[in-house]
Structure formats: structure tokens, C-alpha cells
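All values below come from the heavy atoms of this structure, side chains included, with hydrogens, waters and symmetry mates left out. Quantities reported herein were computed from a predicted structural model and do not represent experimental measurements.
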Amino acid sequence: MSSPQGRFRAGAKKLDRLVLTTVEAHGKHLFYRWENQSLLHVHLGLYGKFRSHPCPPPKPQGAVRLRIVGDAHAFDLNGPTICEIISSERLEILCRRLGPDPLRRDADPEQVWQRIRKSRASIGALLLDQSVISGVGNVYRAEVLFVNQIHPNRWGKSLSEQEFGAIWETLYQWLRIGVKYNRIITAHSKQRGKPGRLNGAERLLVYKKIHCPDCGAEIKSWELGSRKIYACDFCQN
DNA sequence: AAGAATGTTATGTA
DNA sequence: CTACATAACATTCT
């Protein structure tokens, strides 16, 4: 996040010379541990954003929930769903209800599979269920089902173990690419060079697309698990 | 300038 | 009890 040293203000609290000791992510929940033992929990939600400023930072713009000021740089946290100081008990409760995160070393895909194989819920809904698997999100959900040719409406229990294995493996690879380039990239063009150079339209396969990149058919979209899903009825079944 | 959105949880129902 | 579906919330961007 920021330089690990800085001042830090949260709500009525203003703390001096805090030093960041560890940063950890579990799914989309972020946890910042500070030297004074305090624990900051952040969830960006749909539009939360960290913004960097040179010092001295300008007046806070919009919903700034947190400002960290170092010697040379400052960071604002705008519009997160969650920004709170929590106890370690709360941290434990939070993490206990989160399913495995493919990016984490401690992630056990078998746990996810055991939930999916017994479920009558659609695989599309299951991939967004944070107690089943965490960190996927709406874009990767559409993309991972497309590339593995699995229809979002299929029941979890209809998937083969091999199909689930392929989903997990794809997510594992893609999420790492996402971290590396700091953006979601699922389409890899051989022509265009580095994925970092792809524009928004090029770097995804089905999400918000009109036509299927494989067969050219119209991409269908509908609500699934209270989010919009995109799929090709011909290539995914 | 209305409405969708790269998200999650609480609550209700079968 | 479990497991699903739906509503509610929050702010930004187009």
C-alpha cells in the first residue's frame, strides 16, 4: 500500500508514526496490521480506491475514509464498503466464513469441491458465494466458465471433478496474472504482445461482449446470483 | 443525470 | 437445521 511509515487517521482517531507490519488479503478482504497491534480491515467493494498524492496532500475529494500521510507521499482511501479497526477475534470470525482463496498458500481446493459437488445451486452462483470460494468476482466468474465451456446455470452437483479442477487451475493462473499486471486479463492475444498493452475490449473473452470469440454467436446475459452473467449458449453447456 | 456497477451480507422462505 | 433467493447498502462513473 503506502510507505510503511506514516500518520494515520480513522474516524475520530489520529495516530502518529505508525509502522505497518503486515498486509494480508483473504479474498477481497484486506487486513493491515500495525506495529501498535491495531488491525485495519478494508473492503473496496465495487468502487473503493486507493489514491496516491504527493505531500502535502490536497483537500480530501469525495468520500475519503482513510488518509495515510508519509514524508513524501500520502494515500487516500475513497469509497470503500468497509474501513474499520477490528479485534483479532473479529478477524477470526471473518476469515472462518470465507471459503478458500486460490491466491493463498493455505487454499485447499478439495474443500471447495466438496461444497460444489453436493450443491443444487448453479455453478455461476456458487463462484460468487464467499463461503464456498473467495476472491473470484463477477468478471472472472463469467470468463472462467466460458474458457472451460461450462454453462453458468448448471448445478454444482452436475460438474465432474475434472471440470472443477480445470476451473480452479484457470483461476489460480489468472489471478496471478491479475496481480502481476494489476488488471483482469483473460484473453491473451499472440499478435499484440504484452497483455499490459491490451485495451479493455481485448483483454476479456465474454464479459460484456456481444459476440462469442469462438463461434460468433450472440453472447447471452442475465441475472445470476444477483449479478449479471455473460455466456455463449453454444460453446458452454 | 439516471442508472449500472470488476461486491458482500442480512434476512426471509422453502 | 440447511440452502437458496432476494433485498439492502454504499459511492463512483458514464
Practice prompt. Could you check whether the rings of A:Tyr32 and A:Phe50 sit parallel, tilted or perpendicular, using 30° and 60° as the cut-offs?
Written response: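 Perpendicular, since the angle between the ring planes exceeds 60°.
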
With sugar-phosphate meaning primed atoms plus P, OP1 and OP2, does [X] contact a base, only sugar-phosphate, or nothing at under 4.0 Å between heavy atoms?
| X | result |
| --- | --- |
| A:Lys208 | sugar-phosphate |
| A:Arg97 | sugar-phosphate |
| A:Arg120 | sugar-phosphate |
| A:Asn78 | sugar-phosphate |

Whole-Å distance separating the [atom1] atom of [X] from the [atom2] atom of [N]:
| X | N | atom1 | atom2 | value |
| --- | --- | --- | --- | --- |
| A:Arg117 | C:dA3 | CZ | P | 14 Å |
| A:Leu127 | B:dG7 | CG | P | 12 Å |
| A:Leu44 | B:dT9 | CG | P | 14 Å |
| A:Arg115 | C:dT2 | CZ | P | 11 Å |
| A:Gln130 | C:dC4 | CD | P | 16 Å |
| A:His43 | C:dT12 | NE2 | C1' | 16 Å |
| A:Arg227 | C:dA5 | CZ | P | 16 Å |
| A:Glu223 | C:dC4 | CD | C1' | 16 Å |

Closest to side chain of [X], choosing from [options]:
| X | options | value |
| --- | --- | --- |
| A:Lys228 | B:dA5, B:dT8, C:dC4 | B:dA5 |
| A:Ser226 | B:dG7, B:dA5, C:dA7 | C:dA7 |
| A:Tyr47 | B:dG7, B:dT9, B:dA5 | B:dA5 |
| A:Ala121 | C:dT12, B:dT8, C:dC4 | C:dC4 |
| A:Lys49 | B:dT8, C:dC13, B:dA5 | C:dC13 |

Discussion item. With a 4.0 Å limit, can you tell me whether A:His41 has a side-chain N or O closer than that to the phosphate oxygens OP1/OP2 of B:dT8?
Written reply: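 No, because none of the side-chain N or O atoms of A:His41 sits under 4.0 Å from OP1 or OP2 of B:dT8.
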
Worksheet item: Just how far is it from atom CG of A:Asn138 to atom CD of A:Glu143, taken to the nearest 0.5 Å?
Response: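 With rounding to 0.5 Å, CG (A:Asn138) is 10.5 Å from CD (A:Glu143).
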
Worksheet item: About how many Å separate NE2 of A:His29 and CD1 of A:Ile86, when rounded to the nearest 0.5 Å?
Response: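 Rounded to the nearest 0.5 Å, the CD1-NE2 separation comes out at 10.0 Å.
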
Worksheet entry | First of A:Arg51 and A:Leu46 reached from the 5' end of DNA chain C, by closest nucleotide |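 Final value for this comparison: A:Leu46.
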
Worksheet item: Between A:His53 and A:His73, does the ring centre distance come in under 6.0 Å?
Response: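 No - the distance between ring centres of A:His53 and A:His73 does not fall below the 6.0 Å cut-off.
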
Worksheet item: Using purine N1 to pyrimidine N3 plus N6-O4 or O6-N4 for Watson-Crick, or N1-O2 and O6-N3 for G-U wobble, each under 3.5 Å, what pairs with B:dT8?
Response: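 Partner of B:dT8: C:dA8.
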
Worksheet item: Is the NZ or CZ atom of A:Arg33 positioned over A:Phe31's six-membered ring, under 6.0 angstrom from the centre and within 45° of the axis?
Response: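 Pair A:Arg33/A:Phe31 does not count as cation-pi.
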
